[in-house]
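Structure record follows, encoded as structure tokens.
Side chains included, hydrogens not; waters and symmetry mates left out as well; all remaining heavy atoms used.
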Amino acid sequence: MQAKRLWSMWQALLLSIALGFSTANGRRRFVEWVTGLALNVEEHTITQSLIGLDRVQDWKALESYVEYGSWPDTLLPLALGWAVDQAPGRVWHGYRVWAGDDTKVHRTSKNVWGTCTFHEYTARCPNRATTVRAHNWVVLGALLHNPEQPAWFVPVAGRLYFRKTQLPPTGEEFRTKCELLVELARQQASTRPGPHLLVCDGGFALGSVVQPLVRPDDPKQPRVDVLTRLRHDARLSALPPVQRRAGQRGPTPKWGRPLAPPRQGGRWPGPWHAGQAFLYGRLRQVRWKEVVCLWRVLGHQTAVKAVVAEVEGYRQRFTLVTSATDLTGLQVVELFCARFRQEDGFRDLKQRLGWEECRAWTKKPILRTTQVLFVTMTALRLLQFQLEEASGDDWWLHPPWNPHKVRPSVLDMERLLRQHREQIQRCLAAWLEADEKAGK
């Protein structure tokens, strides 16, 4: 792989995402920052990233820009979403599939802007605190279909959630995590045609999420179908009769007869189906039953498809529901299991790109650092897709000690860029100098 070709692909990718920057200086600082994060092997701070680029003299300029410079807070996630739309596998079963969830990024000091206290559910050791201080991010990303392999997850946008009793002293408005997720999904769906599907965990299977997305009050707002986990005691009803019976009195019923709860999904009308799907890392046999019905959370105006499935390797049944009734039960299970790739994305953001190594203390650097980390991870994945299309898969190390590894990781992408560190440093310096002269 030639270094100049690699740099040209990387530069074109970043510049296509940086269209929202209003100044040439902002565009240059953005490209410099993202490139430094991708090449950095130590703490992913601004200073350390510039040391990895051999541009220590720019530390004051970049830190000042991150704190005070003009930044496209709204346009940058939209530009990132448009870049992801060009990736292979973006449309899956006829939908642009999004995954939404929240995650905590630990920050120990109470003087850091936006931190709140949360219960640490992983604190099983008596030496670890059960209550931690952290940023709680609501993150939306795209799920990309990858036949016979796990799906790809790329982060696109995020919003910071604050407890109502711990709002920062900068006049922030309180919004629930459900409201933030609805806002993120609407923002991305409003700029792209075609049907959209949001896959989320059962914690977001609430009327405050499902109803605004599936049945928006404003006709200008796009419809976003939802796929999530059902409670085992969820209230489901059959569809109401289409025609009134002869001599029937009173109003036409809006709800049909009650169905058995999801924990007793085997009692639903209709036969069991059997099939095979790629779930959680391998092909698994699936036996499922599906029914089109009404869900109390969504109301009687919209029909949903409820699915109960027995998946090979899991003792408990999967109970799922979606407003996208054209999907089959097997597709519903496949899409929901692909949502777990978001957890892998959170791990890569924290362990590979240093999401928890942020040293910012004030509002703008905290928000912008997270946006840049999302851009870095997504750009690495998009560069990977371009390399696979142009050169196959011979550019990354296939470890002989791990024959089960069949696709590159974020670390493999970083290794490729670091192999050409010196050439990329020279190309970046030449481009920065030429772009600055052209701007003058």
Side-chain angles (χ1 to χ4, degrees), residues 73-85 87 89-103 136-145 151-161 173-229 295 297-299 302 304-305 320-327 332 335-336 338-343 345-346 367 370-371 374-375 377-378:
D73 297 280
T74 303
L75 294 179
L76 187 58
L78 296 179
L80 191 57
W82 277 109
V84 171
D85 259 9
R90 184 64 189 97
V91 178
W92 195 350
H93 297 314
Y95 290 86
R96 283 180 171 84
V97 184
W98 305 94
D101 203 355
D102 67 304
T103 185
N136 195 352
W137 287 93
V138 179
V139 181
L140 182 77
L143 287 178
L144 307 178
H145 182 43
W152 299 107
F153 170 80
V154 287
V156 172
R159 292 285 188 276
L160 193 56
Y161 164 77
E173 179 184 358
F174 172 74
R175 285 180 294 174
T176 66
K177 288 186 282 187
C178 296
E179 292 173 340
L180 295 175
L181 183 60
V182 169
E183 178 185 338
L184 291 173
R186 280 179 170 175
Q187 183 186 46
Q188 295 297 328
S190 62
T191 59
R192 292 163 189 80
H196 295 259
L197 178 68
L198 173 66
V199 186
C200 53
D201 198 7
F204 292 98
L206 304 172
S208 57
V209 175
V210 178
Q211 293 183 13
L213 291 177
V214 178
R215 200 173 56 251
D217 296 331
D218 188 354
K220 296 182 180 179
Q221 292 287 354
R223 168 176 170 143
V224 180
D225 288 297
V226 176
L227 193 164
T228 185
R229 188 189 297 274
W295 184 27
V297 171
L298 190 54
T302 307
V304 299
K305 177 170 286 189
L320 309 173
V321 64
T322 179
S323 59
T325 55
D326 57 329
L327 295 174
V332 169
L335 289 170
F336 181 79
R339 188 201 64 84
F340 191 76
R341 302 266 67 87
Q342 189 173 25
E343 303 298 335
F346 292 159
L367 299 180
T370 295
Q371 280 190 330
F374 290 170
V375 171
M377 180 174 172
T378 301

Next on the checklist: Please check: side-chain N/O of Ser190 versus main-chain N/O of Gln187, any donor-acceptor pairing under 3.5 Å?
Outcome noted: yes
Checklist entry - Between Lys305 and Leu327, is there a donor-acceptor pair closer than 3.5 Å when you use the side chain of the first and the backbone of the second? => result yes
Checklist outcome for this item: In this structure, CZ of Arg341 is separated from CG of Leu144 (nearest 0.5 Å) by 12.5 Å
Checklist entry - Which atom names give the shortest non-hydrogen contact between Phe374 and Gly158, and what distance separates them? => result CE1-N, 3.8 Å
Item to check | Under 3.5 Å donor-acceptor, Arg96 side chain and Leu143 backbone | outcome: no
Checklist entry - Any chance CG of Asp218 has more than 12 other-residue heavy atoms, nucleotides or ligands included, within less than 6.0 Å? => result yes
Item to check | Audit row: Asp101, Val139, side-chain contact (heavy atoms from CB on, under 4.5 Å) steps and yes/no | outcome: CA-CA 6 Å; Asp101 203 355; Val139 181; over 6 Å; no
Checklist entry - Between Leu198 and Leu140, what is the shortest heavy-atom contact and its length? => result CD1-CD1, 3.7 Å
Checklist entry - Can you find a heavy atom in the side chain of Asp225 that is under 4.5 Å from one in the side chain of His196? => result no
Item to check | Any donor-acceptor N/O pair, Gln342 side chain to Gly141 backbone, under 3.5 Å | outcome: no
Item to check | Parallel, tilted or perpendicular: ring planes of His145 versus His93, cut at 30 and 60 degrees | outcome: tilted
Checklist entry - Nearest 0.5 Å, what's the OG1-OH distance between Thr322 and Tyr95? => result 7.0 Å
Checklist entry - Roughly how far apart are Tyr161 OH and Thr176 OG1, rounded to 0.5 Å? => result 7.5 Å
Item to check | Polar side-chain atom of Arg229 near backbone of Phe336 as donor-acceptor pair, under 3.5 Å | outcome: no
Checklist entry - When rounded to the nearest 0.5 angstrom, what distance separates CD in Gln371 from CG in Leu76? => result 5.0 Å
Item to check | Minimum heavy-atom distance between Leu180 and Arg159, given as atom pair plus value | outcome: CD2-CB, 3.9 Å
Checklist entry - Just how far is it from atom CH2 of Trp152 to atom OG1 of Thr378, taken to the nearest 0.5 Å? => result 13.0 Å
Checklist entry - Where do Ser323 and Leu298 come nearest, in terms of heavy atoms and distance? => result CB-CD2, 4.4 Å
Checklist entry - Checking side-chain contact (heavy atoms from CB on, under 4.5 Å) against Gln188, which of Leu80, Val84, Leu78 comes through? => result Leu78
Next on the checklist: Test side-chain contact (heavy atoms from CB on, under 4.5 Å) on Leu213 and Arg186; report intermediate values, then the result.
Outcome noted: CA-CA 7 Å; Leu213 291 177; Arg186 280 179 170 175; 4.0 Å; yes
Checklist outcome for this item: Closest non-hydrogen contact found for Ala189 with Val224 is CB-CG2, 3.7 Å
Item to check | Side chains of Phe204 and Asp102 in contact at under 4.5 Å (non-hydrogen atoms) | outcome: yes
Checklist entry - Within 45° of the ring axis of Trp82 and under 6.0 Å from its six-membered ring centre, is that where the NZ or CZ of Arg192 lies? => result yes
Next on the checklist: Test your reading of the model: is there a side-chain donor-acceptor pair from Thr325 to the backbone of Val304, 3.5 Å cut-off?
Outcome noted: no
Checklist entry - Do you know the tightest heavy-atom contact between Val156 and Pro77? => result CG1-O, 3.5 Å
Checklist entry - Between Lys177 and Asn136, is a side-chain contact (heavy atoms from CB on, under 4.5 Å) present by the stated rule, with each step listed? => result CA-CA 9 Å; Lys177 288 186 282 187; Asn136 195 352; 3.9 Å; yes
